[in-house]
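Notes to accompany the following structure.
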Protein chains: 2
Amino acid sequence: MNPDKSLLLTDLYELTMMQGYHYHKMEGIATFELFVRKLPKNRNFLLFAGLEQLLCFVENAHFDEEEIDWLAQQGLKKDFLEYLRTFRFQGDIYAMAEGTIFFPFEPILRVTAPIAQAQILESRLMNIIHYQTLIASKAIRFSLVAPKKNLVEFGLRRAHGAEASLFAARASFIAGFSGTSNVLAGKMYSIPISGTMAHSFIQAHDVEEMAFYNYAIANPRNVTILIDTYDTERAARYIVKLAPKLKEKGITIEAVRLDSGDLDFLSRSVRSILDSGGLKNTKIFVSGSLDEYKLEKLVSSAAPIDGFGIGTSLDTSSDSPYMDCVYKLQEYEGKPRRKRSTGKATWPGTKQVFRFFNENGTFEKDLVCLAEEEYPAYPLLQPVMSKGKRIYPNETLIEIQKRTMSNLEKLPSRLKTLQSAQPPYPVEFSPPLINLRDKLEREELQM
Amino acid sequence: MNPDKSLLLTDLYELTMMQGYHYHKMEGIATFELFVRKLPKNRNFLLFAGLEQLLCFVENAHFDEEEIDWLAQQGLKKDFLEYLRTFRFQGDIYAMAEGTIFFPFEPILRVTAPIAQAQILESRLMNIIHYQTLIASKAIRFSLVAPKKNLVEFGLRRAHGAEASLFAARASFIAGFSGTSNVLAGKMYSIPISGTMAHSFIQAHDVEEMAFYNYAIANPRNVTILIDTYDTERAARYIVKLAPKLKEKGITIEAVRLDSGDLDFLSRSVRSILDSGGLKNTKIFVSGSLDEYKLEKLVSSAAPIDGFGIGTSLDTSSDSPYMDCVYKLQEYEGKPRRKRSTGKATWPGTKQVFRFFNENGTFEKDLVCLAEEEYPAYPLLQPVMSKGKRIYPNETLIEIQKRTMSNLEKLPSRLKTLQSAQPPYPVEFSPPLINLRDKLEREELQM
């Protein structure tokens, strides 16, 4: 039961619908598209992430023998289970590249396959892409307000389970973070890992000074000392005394960390203590319930802080812990389809997104159109899987991070704020697409 | 790299601190306690969940050879890595039982072990317990306002990754839900699974009526039909026509599902259409961005709805996607320890929680005290692991759910609301504990 491969991590209705398609031999080709209907509050754009894990999942997705046996006890039909036994996805997928900035109603991923194959992917596909994209879109807000600072993802303990913690480390790196405290994420995704010490290490020593010394002696590389357990300024003065003793042993105190209190005030006071003690190169790293607004305040007041550990607010996207992201059938057997439920109507047909740039290279507008339309612009959806085989190359996270930074550079600057900008970025719909929607609407009214 | 067993899913600082303890031969016994500092907004109590997964993790937690090799490249010391190679947790754990209602500053779990062993558990321990407890505490709000309704967890697609979706299904069942749509959760935790169909199934058919028929024929058991794709009331009238045809084939339409629009209005209108069509036993199930407030409104207005699918708001605990939950060193080498950082001070010493009941069997107050104190009341922390071996029996989710319901019955009714009740439930601290804290405070001031 490995969620990286098991198709059992799905909503039951995917299986019952699939059984319906199988029973009635509905094997027509379907196109589903994944898109976000609405920006979360205070967001002006979103950042796509999670494609790598999705492609790995789709390439390997199958049902184990043991899972088939279990499904048999759940009342699914025998011949359907035989079909599931050898099931593999054999369709095509188009997607935006990870690290691409996108907007509501733009398909970010498009699956074309016999309908049962495209349907069964839905739940896990959304589970992977929704979360990574949510976190990348949150993390980039921190990069926006502190572009030159060292930002480290710290959220494992309050992330929603193991996979969330790993995906959060990955997605935030894509959005410009420089590292993570999550050791397994470091190993899995080659993200630089960093860490300091917890208050418990200090508390386990009778004297704070001894804790500092003991930590540095045992961990002589990249020494960062946590100085807020009892009295931050007193501890900073002790750091000044300790540094030469450690220097004799070839150990440098690279940084001190503050995790509580008035970080603006304390960082200035600690900076001044360190500077007058000759520790001009010792950096100040802070953490403790930071969100992008507190970060913006600290950066804009020029508090002398070099790096920030960002945890809970990032890993849970706390101000907006989900997006209105959906995976919808847009075409079946060559006919465009459209959902009309109140407040949830969709754009029909298989689509593409073109991005237009102005003369300075800045994003000018996006155009959502039918897949067969062509424009002298860059089509954001590119083939990533063909007949069930991945054709998208493996990218390093550094490459993806560079794409993000290049996208961010080209984003109109009025959108680079923590508040909602009006008017929003222009996303237009092509005349053929509008015509198609209107035609389907008229047909529905006549039904 | 199985997060169920790998100690690599940790923050780097746990490893560097551990290396510090190892280097300096600090092998004294430490006690850490897990507690919540503050209720999330609009909560009057919390519900403990996740112990089962935690115990499995702790019993199996180790480092693989391959992980040790990788850690060697990260600059950890050789003799420390040799120690990690055979590392196993050999300490004791006390915990509340899953399904226990608890309050801020009450230890819900207590780990006593040589300090390095207790320290390394921190990140993943919190990751498991924080999320399951968060979701159980959210889910019980739905149970509170709709105690007699069929509540089904539906949140896989917007849960934060695979594990979150599985844990959410489990935690919400503990809190009184009757099932989940998550097939893998059903298999792993023996939770009843249920499902209907998506709009895509309807849209893949040219005629909605044909979709209904095809689905029921292919899935003749527990048939639930989604009727809001185009025109809900028209679809309900068609259900009335379809039912006798299916009856001839021995198939019953158990329920219809509404997923959009004004659910209060539509459920009444659909109920009336079904009733006048002789389908008095066909249930109405609704879904679509439901939170506990919408649920309360629908239930209190007596909308004729039998069951609810609850997804995103539940799996992300959307109004409060995290809790201020911490794991703190409270005692080391027999000496109580205390953190004093601004706004983050803790209660020192190894502790217990007693619950007192009034003559009606209702919770009267809780008392947090030192572990050695005794009171004629029920101690909530019980031994669950001894010398690294689990001594807590496996419980079925049904048993845990019963404990929740029994706890809920005994909770003062003024706390059973969706809003914050004033005054909060009384949690007192024993005189010996207060004395100990005061004594440590005085000693710190003299330092």
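Letters go in sequence order (proteins before strands), and every chain restarts at 1. Treat the numbers as computed from the prediction; the structure is a model and nothing was measured. For the numbers below, each heavy atom of this structure counts, side chains included, while hydrogens, waters and symmetry mates do not.
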Under a 3.5 Å distance rule, please check whether [X] uses its side chain to pair with a backbone N or O of [Y] as donor and acceptor.
| X | Y | value |
| --- | --- | --- |
| N127(A) | A159(B) | yes |
| T16(B) | M197(A) | no |
| R158(A) | C325(B) | yes |

Non-hydrogen side-chain atoms of K187(B) and E66(A) separated by less than 4.5 Å: yes
Residue [X] versus chain A: region with a heavy atom under 4.5 Å:
| X | value |
| --- | --- |
| Q53(B) | neither |
| I202(B) | neither |
| L166(B) | side chain |
| I217(B) | both |
| F32(B) | side chain |
| N222(B) | neither |

[X] portion near chain B, given a 4.5 angstrom heavy-atom threshold:
| X | value |
| --- | --- |
| S165(A) | side chain |
| D315(A) | backbone |
| L134(A) | side chain |
| Q132(A) | neither |

Could you check V183(B) against L15(A) for side chain to side chain contact (heavy atoms under 4.5 Å, CB included), going step by step and ending with a plain yes or no? CA-CA 9 Å; V183(B) 182; L15(A) 287 172; 4.0 Å; yes
Is there a side chain to side chain contact (heavy atoms under 4.5 Å, CB included) between R337(B) and D206(A) once you walk through the steps? CA-CA 9 Å; R337(B) 309 279 163 160; D206(A) 289 330; 3.2 Å; yes
Within this structure, what is the [atom1]-[atom2] distance for the pair [X] and [Y], rounded to the nearest 0.5 Å?
| X | Y | atom1 | atom2 | answer |
| --- | --- | --- | --- | --- |
| Y215(B) | M17(A) | OH | CE | 7.5 Å |
| L12(B) | F154(A) | CG | CZ | 9.5 Å |
| R124(A) | L184(B) | CZ | CG | 10.0 Å |
| M126(A) | R157(B) | CE | CZ | 5.0 Å |
| I193(B) | L8(A) | CD1 | CG | 8.0 Å |
| E163(A) | L9(B) | CD | CG | 11.0 Å |

Minimum heavy-atom separation for [X] and [Y], please, with both atom names.
| X | Y | result |
| --- | --- | --- |
| W70(B) | G186(A) | CZ2-C, 3.9 Å |
| K77(A) | P220(B) | NZ-CD, 3.9 Å |
| G20(B) | A218(A) | CA-CB, 3.5 Å |

Identify which of [options] forms the greatest number of heavy-atom pairs closer than 4.5 Å to chain B.
| options | value |
| --- | --- |
| T316(A), L125(A), L156(A) | L156(A) |
| D262(A), I129(A), T180(A), T196(A) | T196(A) |
| A164(A), A216(A), P321(A), S194(A) | P321(A) |
| A168(A), S123(A), S320(A), A198(A) | A198(A) |
| G161(A), G75(A), S317(A), G195(A) | G161(A) |
| F167(A), Y327(A), Y21(A), F80(A) | Y21(A) |

Determine whether T312(A) and M323(B) satisfy the following criterion, side chain to side chain contact (heavy atoms under 4.5 Å, CB included), listing intermediate values before the conclusion. CA-CA 9 Å; T312(A) 307; M323(B) 297 184 298; over 6 Å; no
Looking at T224(B), L329(B), D11(B), which makes the most heavy-atom pairs under 4.5 Å with chain A? D11(B)
Answer key: most heavy-atom pairs under 4.5 Å with chain A among D324(B), I135(B), N182(B), L76(B) is N182(B)
Will you find, in the side chains of S318(A) and Y322(B), an N or O donor that is under 3.5 Å from an N or O acceptor? no
According to the interplanar angle, ranging from 0 to 90°, do the rings of H130(A) and H160(B) count as parallel (below 30°), tilted (30 to 60°) or perpendicular (above 60°)? tilted
What residue among E122(B), Q330(B), K328(B), Q119(B) forms side-chain hydrogen bond (donor to acceptor under 3.5 Å, both in side chains) with S200(A)? Q119(B)
Are the aromatic ring centres of Y13(A) and F201(B) under 6.0 angstrom apart? no
Identify the residues of residues 22-30 of chain A whose heavy atoms come closer than 4.5 Å to a heavy atom of chain B, ordered by number, or report 'none'. Y23(A), H24(A), M26(A)
Taking only residues two or more places apart in sequence or in another chain, which ones pass side chain to side chain donor-acceptor pair (under 3.5 Å) with T232(A)? none
